[in-house]
Amino acid sequence: MDVTHILESLNDPQRQAVTAADNNVLVLAGAGSGKTRVLVHRIVWAVQMMGMSPYSVLAVTFTNKAAAEMKARIETLLQIPVGGMWVGTFHGLAHRILRAHHSEAGLPKNFQILDSDDQLRIIKRILRDYQIDESKWPAKQAQWYINNKKDEGMRAQNLDAGGDFNEQMWIKIYQNYEQVCNQSGLVDFAEILLRAHEIWLKKPDLLAHYRRRFRHVLVDEFQDTNTIQYAWLRLLTGGQNKIFAVGDDDQSIYGWRGAKVENITNLEKDYPGLEIIRLEQNYRSTGNILNAANALIEKNPNRMGKKLWTAGEDGEPIKFYTAYNEHDEARFVVGVVQQWVQDGNRRQDCVILYRSNAQSRVLEEALMMESMPYRIYGGMRFFDRAEIKDALAYLRVISSQLDDAALDRIINTPPRGIGEKTLQSIRAIALKENISYWDALVFIIETEAVPARALKALKKFHELISELIVVADDSALDELLVTVIQQSGLVEYFQKEKGEKGKSRVENLQELVGAVKEFESDDEPTDFDDPALQDLDPLSVFLAYTALESGDSQVDPDDDYVQLMTLHSAKGLEFPLVAIVGMEEGLFPSERSTYEPSKLAEERRLCYVGMTRAKKQLFLTAAEHRRLYGRESYPTVSRFVHELPGDIVVDVRPRAMVSRPLTASSSGFKQSSSSQPFQIGQSVNHDKFGEGVILSYEGDGSHARVQVNFYQVGMKWLVLAYANLSQA
DNA sequence: CGCGTCGTGGTTTTT
DNA sequence: CCACGACGCG
């Protein structure tokens, strides 16, 4: 059989990983070393060369984006539809299992998924119902507690407060929360994983079935797995089955949300004979960027150990700019992008990275000032917008009248005269009689247990929902949704809302109708075409889809805007030009991580992740003076900057005292500097523009041009022969 | 019920 | 500093 299509274009270690025997394999894949390629080619190899059925492969990722990319690439390479293959996120796959075996899992057929916002609302309600002091036991912390325990595989019944009163209360809240979810047929994200794990423990036949089916289990971003995910993988790969894990301990940046880097080292213990393969050749960044990143990450203890290298050029040095304040910093970065665009490049190829979202504001102001198109990556998912969630809550109530959380949300949205007082009566009865809100509402109407005015409002609401349930029975989803947003009064309500906000809300509702239509007609295979879902009503399937997929629309390739995002959300992406702002002690590394070595190490990995996003140009900036949260601070430069090799980092601050001696050692740049009177990083004087610092350099002889960042007028390109620069 | 005021708290995020 | 939630009034 011709295998060249699988193996060509792979380097030696990549090939070794792809063609490894039917064994447990850990691929330590450095940033930009082609890990997705290895994963995809391994699957194709297993199917075409090891005689595996495509249906015996399970590949799991963390994000829908990664899963979609993998599916697309498998399809291209295998030339068969990937439809029946189990490629998806941990949550997506676990969800499939729960759907297929809902009764064994103790769930109603049409159970629904809570997002973290729904979850928080339920917890808040519990705190109120039981009159728990929210200043002592804040809902946010309760949520954090519950999710943490679930991520660790713990149920409320497994927990022991050991006489600790606080702990007792957390457990009590957890217990009540579990009860509410069970009664309403709701599962949160952590619950999906926990239940999928428990069902295998409780039903050995089921586990055996899945073990028989999935002979090959592949895991992406293995360093991000948490306790329950690892336990789930361990169960599935028990016995004969092999695991093929791809990860990078140096890119573990989610320890704070339960990810266990240790799972990488556990792998060696738990899978004897584990074959470890390192991918260290990088196809993304210049030599200088890699050398700097390597030097930084070497400061971390307890690494598996890895050193990225490239066959490519050293490229330009890394540029470090010390700004006077955050506005100056923003101006500088915008100037860098403007220059990049003037040189004929796309804004799309630039990214500005920051440690915390609060830093984006000043950057946005500077971008707007220069009319530079930009876009903030991340933020709200489409399906998380309030108006969308309102519409979806109607659908949820139509789908299941047990869903108290959804009913609670819409009973007075838009306002229809069902006030807090009436709601309290409903809750009280539901709690006392142990029935759903819907049944409590029916009970109140029957017994006329509230004042006439409220009663009328309740009757009207009851009528509305009842009618919609009928509509749901014999309409397509999109027709139902159109009816829902009209009849409920949502559209009318948002139309009346003044300003742009109301307008965009109505537009979003319209877009939701579009999303439903697309979902109905979608011929792309998705997790939601699974046979397990076929005898489930389309409404429930759509609702599950909205909970598990972000609903982010694809970027328009015609648009050209600079991207802004946090360092965390940049993981997995790459850009020719990267600027990391706020390289200051207390900000990055964040103050709260400086006390604990393990947290500091994670910050350093975050910095490593940020730096290794850059393909060609890397800018780092810090401000001498910063206002954050209305407080003034005079931070010092981040330790991470000092940990970079001085000879490949250039200070580009105008008029600054050059704190870093310039010993240009990297090739391309040494050449030009040695034959020319000026060096990158050097301070110079210009008759008209005043003082500045040389940023970069191109050409030689009479064509030589230098890029200078002037204190007064900003960035300029000057032809050296005419500029008449003098040393400052 | 909607609007205003006051008070507080504010890494990082996907599912 | 500013966004969001709790509270009180018209």
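Excluded from the calculations below are hydrogen atoms, water molecules and symmetry mates; all remaining heavy atoms, backbone and side chain alike, are included. Numbered from 1 within each chain, the chains take letters A, B, ... in sequence-line order.
- Residues that satisfy the ring-ring contact (aromatic ring centres under 6.0 Å, His included) test with A:His327, not counting sequence neighbours, are absent from this structure.
- Heavy atoms of A:Ser116 sit under 4.0 angstrom from at least one base atom.
- The aromatic rings of A:Tyr634 and A:His625 sit parallel, their planes meeting at an angle under 30°, below the 60° perpendicular limit.
- Contact annotation for A:Glu632: no contact, since no heavy-atom pair falls under 4.0 Å across all strands.
- Using the six-membered ring where Trp is involved, A:Tyr210 and A:Trp200 have ring planes that are tilted, between 30° and 60° apart.
- Residue contacts for A:Gly378: at a heavy-atom cut-off of 4.0 Å it reaches no nucleic acid atom on any strand shown.
- Heavy atoms of A:Asn357 sit under 4.0 angstrom from primed sugar atoms or phosphate atoms, though from no base atom.
- Judged purely by atom type and a 3.5 angstrom limit, A:Gln229 uses its side chain to pair as donor or acceptor with the backbone of A:Asn226.
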With the criterion being N/O to N/O and under 3.5 Å, what pairs connect the protein with nucleotides 2-9 of chain C, and how long is each?
from  : atom 1 : to       : atom 2 : distance (Å)
C:dA3 : OP1    : A:Arg361 : NH1    : 3.3
C:dA3 : OP1    : A:Arg361 : NH2    : 2.1

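- When the ring-ring contact (aromatic ring centres under 6.0 Å, His included) test is applied to A:Trp144, no partner is found at least two apart in sequence or on another chain.
- First and last contacts of DNA chain B with chain A, using any nucleotide atom under 4.0 Å from a protein heavy atom and ordered 5' to 3', fall at B:dC1 to B:dT15.
- Judged by a 6.0 Å distance limit and a 45° cone about the ring axis, A:Arg631 is not positioned over the six-membered ring of A:Tyr629.
- For A:Glu492, the CD atom counts as loosely surrounded, since its 6.0 Å shell holds 12 or fewer non-hydrogen atoms of other residues, nucleotides or ligands.
- Backbone-only engagement by A:Asn412 is indicated by non-hydrogen atom pairs under 4.0 Å involving sugar-phosphate atoms exclusively.
- With sequence neighbours left out, the side-chain contact (heavy atoms from CB on, under 4.5 Å) criterion links A:Pro138 to A:Gln141, A:Trp170.
- Considering only residues two or more places apart in sequence or on other chains, A:Arg303 meets the side-chain contact (heavy atoms from CB on, under 4.5 Å) condition with A:Asp249, A:Asp250, A:Ile297, A:Glu298, A:Asn300, A:Lys306.
- Under a cutoff of 6.0 Å and an axis angle of 45°, A:Arg99 and A:Phe111 form a cation-pi pair.
- Taking a 4.0 Å limit (strictly below) on heavy-atom distances, residues 583-596 of chain A reaches DNA chain B at A:Ser590, A:Arg592.
- Using atom P as the reference point in both C:dC4 and B:dT11, the two lie 14 Å apart (nearest Å).
- Within a heavy-atom distance below 4.0 Å of DNA chain B, the residues of residues 252-261 of chain A found are A:Tyr254, A:Trp256, A:Arg257.
- Using P as the reference atom, C:dA3 and B:dT12 are 15 Å apart when rounded to the nearest Å.
- Judged as a ring-ring contact (aromatic ring centres under 6.0 Å, His included), and not counting sequence neighbours, A:Tyr437 has no contacts.
- Taking A:Ala67 as the reference, A:Thr61 meet the side-chain contact (heavy atoms from CB on, under 4.5 Å) condition, with sequence neighbours excluded.
- Residues forming a side-chain contact (heavy atoms from CB on, under 4.5 Å) with A:Gln251 (at least two apart in sequence, or on another chain): A:Ala31, A:Gln223, A:Asp248, A:Lys571, A:Tyr608, A:Val609, A:Arg613.
- If you check every strand for non-hydrogen atoms under 4.0 Å, A:Phe62 touches sugar and phosphate atoms only.
- Regarding the sugar-base torsion, B:dT11 falls in the syn class, its angle being within 90° of 0.
- Of the two residues contacting DNA chain B, namely A:Pro415 and A:Lys599, the nearest-nucleotide position lying further toward the 5' end is that of A:Pro415.
- Partners of A:Phe214 by ring-ring contact (aromatic ring centres under 6.0 Å, His included), not counting sequence neighbours, listed by chain and number: A:Trp86.
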